[in-house]
Amino acid sequence: MSLSKLEKLTYPFSIRGAELTAQALTIAESRRLSRRFPQYDFVGAIGHSRQGVPLVAVSEEGQRALVATCVGYGGDRDQEAAVERLTENERDQIVEAMLVLTFETGGIEFKGVRNGKVRITVRGVDFRVRQLHRPMLDGLARRFADIDRIVFQGSPVVQLFDCSEPAINAFIAAGLGFGGDPAEEAAAARLNLVEQRDIIALMFGAVPDDPAAPPPRLAS
């Protein structure tokens, strides 16, 4: 099956006549936000309780950036400024919807290993995860300088999470057998950041002993 079978996880709002859509965050969206506001390192929050997920920034600017990111306008300064028009309760609703979509919706079901490939199900769609091998890495490194630095120049593996969004999407697509397919690489952005991170962990060989358990996490 293909990533294109999956839908982006979203939740529509109608707030005082305006139509807004909260969405699950990806690794790239979370990292883009946390580079400006380290309090919002949602990738690092994976595996912790909801109480450990940061909700309030130390500044109004950070809160606006968070809300704008939740509705798909991360980094758009005009949209961030427009968040001022929302009440505190409206902001909280949007952020809560993002958290539910990102951390409590979807996920990976581990199905075991067959012929060297890890079988998983993501929201009812079956996939086979391929562990990293040299031809895959060579192909990705030729296309993306940030992946080349990690694979062949000794940068820490966790810096993969700081790669560009196209590089992360291509990495995931390659691990699912769709390397070089533009449509499937774009569709990797439909996975939420927990699903993305778990697939990457499986590609690095972090296969759980218990089929019911989620893949072990890579350190952030």
Side-chain angles (χ1 to χ4, degrees), residues 1-9 24-28 30-31 42-49 101-144 146-148 150-152 154-163 165-220:
M1 301 295 282
S2 71
L3 288 164
S4 300
K5 298 288 185 183
L6 300 174
E7 298 289 337
K8 180 78 172 177
L9 293 171
L25 297 191
T26 63
I27 289 172
S30 174
R31 286 304 215 202
F42 292 106
V43 175
I46 296 174
H48 299 287
S49 68
L101 293 168
T102 301
F103 292 98
E104 299 177 14
T105 307
I108 288 176
E109 185 178 356
F110 178 63
K111 295 289 190 176
V113 180
R114 179 181 295 174
N115 298 325
K117 297 176 183 176
V118 181
R119 295 183 299 120
I120 62 172
T121 297
V122 182
R123 293 183 249 150
V125 181
D126 295 329
F127 296 97
R128 287 175 172 78
V129 181
R130 291 139 177 85
Q131 292 191 7
L132 296 172
H133 54 80
R134 188 58 182 260
M136 181 194 298
L137 292 171
D138 285 345
L140 289 165
R142 281 193 295 270
R143 294 175 58 197
F144 302 102
D146 36 6
I147 290 181
D148 178 73
I150 294 167
V151 174
F152 298 115
S155 296
V157 170
V158 294
Q159 288 190 10
L160 177 65
F161 300 134
D162 290 313
C163 289
E165 185 166 25
I168 293 172
N169 291 346
F171 193 91
I172 292 169
L176 297 177
F178 306 117
D181 184 323
E184 291 300 297
E185 290 180 1
R190 301 177 188 177
L191 299 164
N192 66 27
L193 70 84
V194 176
E195 294 164 341
Q196 290 183 330
R197 184 163 169 160
D198 284 350
I199 289 171
I200 291 171
L202 290 171
M203 291 173 65
F204 277 96
V207 178
D209 295 326
D210 179 0
R217 27 187 320 245
L218 295 176
S220 61

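All residue numbers refer to positions in the sequence shown, counting from 1.
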CG (Leu137) and CD1 (Ile150) are apart, to the nearest 0.5 Å, by 10.5 Å

Note: Ala183 and Ser4 closest approach over all heavy atoms is O-OG, 4.2 Å

(message) Just checking Arg128: does its CZ atom have more than 12 heavy atoms from other residues, nucleotides or ligands closer to it than 6.0 angstrom?
(response) no

Donor-acceptor pair, Arg190 side chain versus Leu6 backbone, under 3.5 Å? yes

So CG of Asp148 and CZ of Arg142: to nearest 0.5 Å the spacing works out to 10.5 Å

Within the structure provided, determine whether Gln159 and Asp146 are in side-chain contact (heavy-atom separation under 4.5 Å). no

Smallest heavy-atom separation, Leu191 atom then Glu195 atom, equals CA-OE1, 3.3 Å

Beyond-backbone contact of Asn192 with Thr26, side-chain heavy atoms, under 4.5 angstrom: no

TODO: Check for a donor-acceptor pair, side chain of Gln196 on one end and backbone N or O of Ala188 on the other, with a separation under 3.5 Å.
DONE: yes

One should read off an interatomic distance between Ile108 CD1 and Asp198 CG, to the nearest 0.5 angstrom, of 4.5 Å

Let me see the working for Lys111 and Thr121 under side chain to side chain contact (heavy atoms under 4.5 Å, CB included), right down to the final yes or no. CA-CA 7 Å; Lys111 295 289 190 176; Thr121 297; 3.3 Å; yes

For Gln131 and Leu202 the tightest heavy-atom approach is CG-O, 3.7 Å

Residue pair Ile199 / Phe171, side-chain heavy-atom distance below 4.5 Å: no

One should read off an interatomic distance between Leu9 CG and Glu104 CD, to the nearest 0.5 angstrom, of 12.5 Å

Any side-chain to backbone donor/acceptor pair from Glu184 onto Gly179? Under 3.5 Å, distance only. no

Interatomic distance, CG@Asp138 vs CD1@Ile147, rounded to 0.5 Å, equals 12.0 Å

Subject >> Phe161 backbone acceptor or donor facing Arg197 side chain under 3.5 Å >> reply: no

Residue pair Arg119, Asp126: steps toward the side chain to side chain contact (heavy atoms under 4.5 Å, CB included) verdict
CA-CA 7 Å; Arg119 295 183 299 120; Asp126 295 329; over 6 Å; no

Could you label the plane-to-plane angle of the Phe178 and Phe127 rings as parallel, tilted or perpendicular, counting under 30° as parallel and over 60° as perpendicular?
-> perpendicular

*asked:* Under the criterion side chain to side chain contact (heavy atoms under 4.5 Å, CB included), I'd like the reasoning laid out for Ile200 against Ile27: C-alpha separation, chi angles, the key distance, then a yes or no.
replied: CA-CA 11 Å; Ile200 291 171; Ile27 289 172; 4.0 Å; yes

Distance col, row Leu140:CG vs Leu160:CG, nearest 0.5 angstrom, shows 9.5 Å

Smallest heavy-atom separation, Leu193 atom then Ser30 atom, equals CD2-CB, 3.9 Å

- prompt: Has the side chain of Glu165 got a donor or acceptor atom that lies under 3.5 Å from a matching backbone atom of Ala28?
  reply: no

| field | Check: Asp181 side chain, Ala173 main-chain N or O, donor-acceptor pair, under 3.5 Å | value | no

